[in-house]
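Inspection log for the structure reproduced underneath, given as structure tokens.
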Amino acid sequence: MKRRKLLQLPLAGMALGANRKKGVAAIVTEYRFYSHADVICGRLISGYTANNIWTAPRTQLVSLYTAQVPATDMSREMASRAGFQIYPTIPAALGLGGSRVAVDAVVFVGEHGNYPFNAEGQHLYPRYELFSQILDVYEKTGRAVPTFFDKHFSYDFAKAKEMFARSRKLGFPLMAGSSVTLSLREPYLQPQLETPMREAAVIGGGPTDAYGFHLLEVLQCFAERRKGGETGVASVEWIDGDAIWQWLDAGAGAWAKPLLEDAYKTQLLAAKGGMRETAKQPVLFRIAYRDGFRAVALLHEPSGNDRSVAIRVEGQPQLLRTMMSPTVARTLPHFDALVHCMEEMFISGKEPYPPERTLVTTGILAYAFASKRSKGPVMTPDLDIRYRAPEKVFIERA
């Protein structure tokens with residue numbers, strides 16, 4: 001009996017190894033309370049409640065690199081409590097101190113931190129510089145693992161395009177973007193693929209750079225489901241202040257006015273007055289797609305998380321309308337859906353939705369700032385980006 005048990009030990013050890021949780025490395029700009037590193041890594045450590053169902057972590061955060069360590073840093077305390085290791089460089093975090101990629105997945109969060117803004121108001125996060133180091137390690141070691149990239153790829157579309165091309169060449173599963181597109185929708189709305197959409201409008205609040213990306217994500221997660229799939233963007237224009245209302249009242253913008261007004265009806269601000277009366281420092285992005293589809297995205301005020309969409313479908317008299325991430329009692333519940341999809345990809349190796357969506361939204365936002373600089377519409381030949389959305393995408397329902 002003793003001999004039989006001894007013979008079984010290696011097999012038991014192999015089974016234990018096969019069933020271990022996949023190890024995750026996090027590469028972040030900073031880790032402080034309520035930063036994206038906190039609300040994402042915190043869920044990888046402690047679990048999450050997507051769709052109101054408690055889920056214990058299915059992966060394990062094993063290493064962390066922080067580009068900055070502010071006075072409010074919490075990563076060092078979290079490491080002592082949660083058992084992950086902090087490394088001084090990105091290659092060391094990916095290799096757990098060794099020379100090869102020793103983790104099973106990577107989370108990259110290039111949001112927050114003490115970084116400058118340019119004259120147009122773009123936050124110059126070093127996403128390109130930091131993520132390029134991750135790609136360098138993948139190329140050098142010959143091993144690339146499923147990777148999550150938080151929010152847009154870069155403030156500079158040339159950098160974003162280069163990173164994306166390298167990522168696709170290496171062939172690893174890539175998930176990118178934010179939690180907003182996976183969040184609750186009230187009322188629930190998910191158009192069927194090949195829906196003959198003609199026009200769309202989205203409205204929301206917040207800073208132009210950070211929240212402008214969120215607003216464009218909301219637009220794109222619906223626009224990509226139109227007939228023919230995504231075919232790319234032909235031109236982008238930045239319009240601000242009173243020029244917005246002048247454009248909407250004129251013939252050129254008359255098509256967008258009822259769409260924005262309908263989307264505004266779901267906003268919490270709607271109870272305080274009309275869209276124009278409640279607007280503060282408004283900025284509008286006008287987007288012309290290559291297949292004739294057209295859209296507008298209105299940042300209505302400098303604060304607020306409400307994001308609403310209205311869509312005109314050919315042959316339907318009623319507009320499709322919903323609000324993303326309606327206010328709930330619990331803080332930031334949409335990050336539960338994000339971490340759920342991340343873990344699904346880390347375990348299955350399958351992308352939950354095409355990262356080309358994030359490439360398109362990154363490009364629209366970058367070209368919108370270029371339009372602000374040139375004070376007019378800009379053509380976007382680089383946004384000849386085509387992809388198909390999957391039929392089913394995880395969206396929080398509770």
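These numbers come from a predicted model, not from an experiment. Only this structure's heavy atoms are used, side chains among them; waters, hydrogens and symmetry mates stay out.
Listed for the Thr322 side chain is no donor-acceptor partner under 3.5 Å among the backbone atoms of Leu320. No donor-acceptor distance shorter than 3.5 angstrom exists from the side chain of Arg43 to the backbone of Val339, with no hydrogens or angles considered. No donor-acceptor pair under 3.5 Å is formed between the side chain of Ser132 and the backbone N or O of Glu129. In this structure, the side chain of Arg127 engages the main chain of Gly110 through a donor-acceptor pair within 3.5 Å. Remark: the backbone N or O of Phe153 is paired with a side-chain donor or acceptor of Thr362 at under 3.5 angstrom.
With hydrophobic clusters built from ILVMFWY side chains whose heavy atoms lie under 4.5 angstrom apart, Tyr367 does not share a cluster with Leu298. In the hydrophobic clustering of ILVMFWY residues, with side-chain heavy atoms under 4.5 Å counting as a link, Phe108 and Phe213 come out together. Connection of Met175 to Leu61 is established within a shared hydrophobic cluster, with ILVMFWY side chains joined at heavy-atom distances below 4.5 Å, either directly or through further cluster members. By the rule that hydrophobic residues join a cluster once side-chain heavy atoms approach within less than 4.5 Å of another member, Val28 and Phe33 end up as members of one cluster. Under the 4.5 Å side-chain contact rule for hydrophobic residues, Trp238 and Phe117 do not share a cluster.
Residues Leu319 and Ala310 come closest through the heavy atom pair CD1-CB, 4.5 Å. Between Met342 and Ile40, the shortest heavy-atom contact is CE-CG2, 3.7 Å. Contact record, Leu284 with Ile244: N-CD1, 3.7 Å, taken as the closest heavy-atom pair. Closest non-hydrogen pair, Pro191 versus Phe222, comes out as CD-CD2, 3.6 Å. Considering all non-hydrogen atoms of both residues, Leu184 and Ala398 come closest at CD2-N, 3.4 Å. Here the shortest heavy-atom pairing between Thr141 and Ser99 reads CG2-O, 3.5 Å.
Considering only heavy atoms from C-beta on, Tyr155 stays 4.5 Å or farther from His123 through its side chain. Side-chain contact between Val233 and Gln220: absent, with no pair of heavy atoms (C-beta onward) separated by less than 4.5 Å. In this structure, Leu269 and Asp306 have side chains that are not in contact, with every pair of non-hydrogen atoms separated by 4.5 Å or more. Taking the side chain as every heavy atom from C-beta outward, Leu259 and Val296 never approach each other to under 4.5 Å.
By the 4.0 Å N-to-carboxylate-O rule, Lys22 lies too far from Glu343 to be salt-bridged with it. For Arg168 and Glu351, the salt-bridge test passes: some basic side-chain N is under 4.0 Å from an acidic carboxylate O. Salt bridge present: Arg58 and Glu344 bring a charged side-chain N and a carboxylate O closer than 4.0 Å. Electrostatic pairing of Glu139 and Arg166 counts as a salt bridge here, judged by a charged N lying under 4.0 Å from a carboxylate O. A salt bridge links Glu194 with Arg388; the closest basic N to acidic carboxylate O contact falls under 4.0 Å. Ion pairing of Lys161 with Asp156 is absent here, as no side-chain N (NZ or NE/NH1/NH2) approaches a carboxylate O to less than 4.0 Å.
Ring geometry, Tyr138 versus Phe172: the interplanar angle exceeds 60°, so the pair is classed perpendicular (tilted spans 30 to 60°). Between Tyr264 and His300, the angle of the ring planes lies from 30° to 60°, which puts this pair in the tilted group. Classified by interplanar angle (parallel below 30°, tilted 30° to 60°, perpendicular above 60°), the ring pair Tyr115/Tyr125 is perpendicular. In this structure, Phe84 and Tyr31 have parallel ring planes: the angle between them is below the 30° cut-off, well short of the 60° mark. Trp247 and Trp255 have perpendicular rings, their planes meeting at more than 60° on a 0 to 90° scale where under 30° would count as parallel. The aromatic rings of His36 and Phe335 sit perpendicular, their planes meeting at an angle over 60°, well past the 30° parallel limit.
For the residue pair Glu217 and Ser178, a side-chain donor N or O sits within less than 3.5 Å of a side-chain acceptor on the partner. With no hydrogens or angles considered, a side-chain donor-acceptor pair links Gln267 and Ser308 at under 3.5 Å. In the model, Thr181 has no side-chain atom that pairs as donor or acceptor with a side-chain atom of Tyr353 under 3.5 Å. At a cut-off of 3.5 Å, with distance as the only test, a side-chain donor of Asp73 or Ser75 sits close to an acceptor on the other residue. With 3.5 Å as the limit, one finds no donor-acceptor pair spanning the side chains of Arg20 and Gln60.
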**OP:** Determine, stepwise, if the pair Met275 / Ile203 fulfils side chain to side chain contact (heavy atoms under 4.5 Å, CB included).
**Re:** CA-CA 10 Å; Met275 182 171 63; Ile203 184 171; 4.0 Å; yes

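Within a 6.0 Å sphere centred on CD of Gln281, other residues, nucleotides and ligands contribute 12 heavy atoms or fewer. Within 6.0 Å of atom CG in Asp249, more than 12 heavy atoms from other residues, nucleotides or ligands are found, so the atom counts as buried in its surroundings. For Gln318, the CD atom is loosely surrounded, since the number of other residues' heavy atoms within 6.0 Å does not exceed 12. The environment of CZ in Arg76 is crowded: more than 12 heavy-atom neighbours from other residues, nucleotides or ligands sit within 6.0 Å. Atom CD of Glu314 has 12 or fewer heavy atoms from other residues, nucleotides or ligands within 6.0 Å.
By the side chain to side chain donor-acceptor pair (under 3.5 Å) test, Thr380 is found to be paired with no residue, residues two or more places apart in sequence or in another chain being considered.
Considering Glu186, Arg321, Met324 in turn, Arg321 is the only one that fulfils the side chain to side chain contact (heavy atoms under 4.5 Å, CB included) rule with Thr266.
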